[in-house]
Amino acid sequence: MHHTLVALVEDKPGVLNRVASLFRRRNFNIESLTVGRTAEPGISRMTIVIDSDQASAERVTAYLYKLVNVLQVEDLGMVPAVARDLALVKVAVAGHDRGALLRVVDETRAHIVDTGEQTMTLEITGEPPHVDAVISRLEPLGIVEMVRTGQVAMRRGDTALSAAQYS
Amino acid sequence: MPTRTGAQIIWECLVNEEVHTVFGYPGGAILPAYDAMLDYPVRHVLVRHEQGATHMADGFARAGGGVGVAMATSGPGATNMVTGIATAMMDSSPIVCITGQVPGKLIGYDAFQETDITGITLPITKHSYLVTRAEDIMPAMKEAFHLAKSGRPGPVLVDITKDAQQASVEWMWDPRPVQMRGYRSDLPVTREDLARAAALIRGTRRPVILVGQGVIQSGATRELLALAERIDAPIAMTLLGLGGVPASHPLNLGMMGMHGEAWVNHAIQEADLLLAFGMRFDDRVTGNVKTYAPHAKKIHVDIDPSEINKNVRADAAIVADLRETLVDLLDVLEPADHEGWLAHIDGMKGDAAVRDIQKLPDTGHLYAAHVINDIWRITGGNAVVVTDVGQHQMWEAQYYHHEVPRSLITSGGLGTMGFALPAAIGAKIARPDAEVWAIVGDGGFQMTQAELATAAQEGIKINVAIINNGYLGMVRQWQEFFYERRYAATPLRSPDFLKIADAHGLEGFRAEKRSQVNDVVERARAADGTALIDFRVEQEDSVYPMVPAGADLHAMIRRPERTVLAETGADPV
Ligand SMILES: Cc1ncc(C[n+]2csc(CCOP(=O)(O)OP(=O)(O)O)c2C)c(N)n1
Ligand SMILES: [Mg+2]
């Protein structure tokens, strides 16, 4: 089962390394990991997706809390949440019908963000399964290059994850 | 504001943290700190290998209850500390390691003696700092000490660049307590957790209390005994818990786990409630977790939340300081009586006590268990004993009966050979008035025997008992039991240990018969400086009972009948 863990961490040198190293050391597989700033200065937010059972997700949450630079951890698998993934996909267009590609774009809310002579680059944003689905429709057309950001996520409703209580 | 160099700030901080002794070894990247040291009232113990410095700091911390400090240069100095840091991490021992680092502008360029020591030690430290500016030294040092000793203690590394040591800044000691946003060490006992635990305790008929090092670290011996007596529950000890409860207390069953006595492990397997206090259900304690204490509900009290539900699922958990938890439990628990259960456990002892090697008469052979039991008797059980790792370590746990906390110091979690001699030196410096014994195998002694020179140079008086069986005994035992006696790489030819002692200007003694033990032990005790005894013990003796690794806790290899007992008909000793 997939667990999406969100961690608020102090923005200090080596923190990403500590978090990544923890997952390696405790024998967890990271499916995706993203880091970015938050609205609070000095605080970064990590979104980590792992494939594990419930007990292991609880265990890794406890380990994350042991890291001195980790302020707060939330398992978004446990609460209603919005999740987004973004992919840029460069698809070959030379030598075959652009119509097929444009149909995919039309039907999937993908955007064309660049057009070359041989290729077109699409941006796909959405829940990770949506991005997966679009990519599998593009595969037969010939994907030349692809990048995904990995998932970011946030709890639905008015409750906000904040490090303010730790200041 | 006065001006200080980074190097001076290091010592200012150490003095403010009430550090009187630093164990270390100099080198290029830490030279500014060593130069500044001469102006501060701190004793420096020059070790012979940086691993020794970390074990000394560790032994110092465990014996005295404070924080041990080790210092080394960059590169090889720092990497030599790795084993000692990992040892301290596994056994939650509070040490601070200070290393020099190449100048900041050279970091990342593979400069001479550059090594990424914060990277290398990331998974084996509680936390670490790479400090590149003089003004950052004090915050890092203050946090390092706070982290090392608070919550679940552990090693903290502070790596300081040479230019940060050399730079001068305006500086004053900041006496305010450390505030760290993401660190909580003082979690309170919650009412609900307490109620759940108390309810389980009220309903139990076959309780067993499991005592780990947490009892020692939180200073909870008195409260623990009060609780055990109140609810009339027997106590089983982990290796690191030994001393946390007096061995002579009638409710103390002794050590559990791989080399615990059969009745202790059987009591756990038959229990309906385990009260785990400051222990972590290590695999050496549980055996096969799937069949571990199958009838028991578990109450787990630990200061580290990540230990709850890690190895064994808890039915009630309290994440808090153990002593505070016990005080709260004592407030709500009424007296109980488990006479039948205690009698049942007593009945399980059966003939095990009779088979015990202590009952074996003197046949002219020298058994390690006899040696250790004799040292216990002669020292009145009052020594601080530091062991190495192997058979002698388990015999120590079985035959030296510890009455008070911090009287046994041993590498449990990592099982680090070479620990005993340096850790004993550290222990003696922490407790100058204590009688300190290192009990060490012929193998492990040779791993760090260079520290004899440290003891000699520093004029430190400890007693070193080498349990010399001519083998890497514990590994040989596994080969005997599980590898058809194929003794691959375990026979050990050692140097003449008395000559080694002599070469250091230290006294050395030898015993080959039981009748000689008393004399050599007394002579070692009477020696002015560190004294060493070479005990030539039975070579192929084994530690019993034994639960093979991963086997069910109740499936142990029993102690064999010593036929010689029947043959000689001599009086048991
Ligand atoms: C540094 C290190 N290397 C290897 C081991 C594996 N090991 C555990 S016990 C042991 C034998 C120890 O022999 P000795 O010191 O003579 O003690 P004995 O078991 O004979 O009492 C070994 C090799 C270890 N624990 N630590
Ligand atoms: Mg040996």
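Below, chain A is the first sequence line, B the second, and so on; all start at residue 1.
- Checked against B/Tyr183 for a side-chain contact (heavy atoms from CB on, under 4.5 Å), the options A/Asn69, A/Val68, A/Val70 give a single hit: A/Val68.
- The closest side-chain donor-acceptor pair between B/Ser128 and A/Arg18 falls under 3.5 angstrom.
- Under a 4.0 Å N-O distance rule, the pair B/Arg313/A/Glu58 qualifies as a salt bridge.
- In this structure, A/Asp53 places its CG atom where more than 12 heavy-atom neighbours from other residues, nucleotides or ligands lie under 6.0 Å away.
- Here B/Asp304 is the residue among B/Leu147, B/Thr118, B/Asp304 with the most heavy-atom pairs under 4.5 Å with chain A.
- Interatomic distance, A/Glu10 CD to B/Met180 CE, rounded to the nearest 0.5 Å: 7.0 Å.
- Taking 4.5 Å as the limit, every side-chain heavy atom of A/Lys12 sits out of range of all side-chain heavy atoms of B/Tyr129.
- With a 6.0 Å radius and a threshold of 12 heavy atoms from other residues, nucleotides or ligands, A/Met146 has its CE atom above the threshold.
- The heavy-atom pair separating B/Arg181 from A/Ala163 by the smallest distance is NH2-O, 3.4 Å.
- Within 6.0 Å of NZ in A/Lys66 there are more than 12 heavy atoms belonging to other residues, nucleotides or ligands.
- The environment of CZ in A/Arg26 is crowded: more than 12 heavy-atom neighbours from other residues, nucleotides or ligands sit within 6.0 Å.
- For A/Leu67, the part lying under 4.5 angstrom from a heavy atom of chain B is the backbone only.
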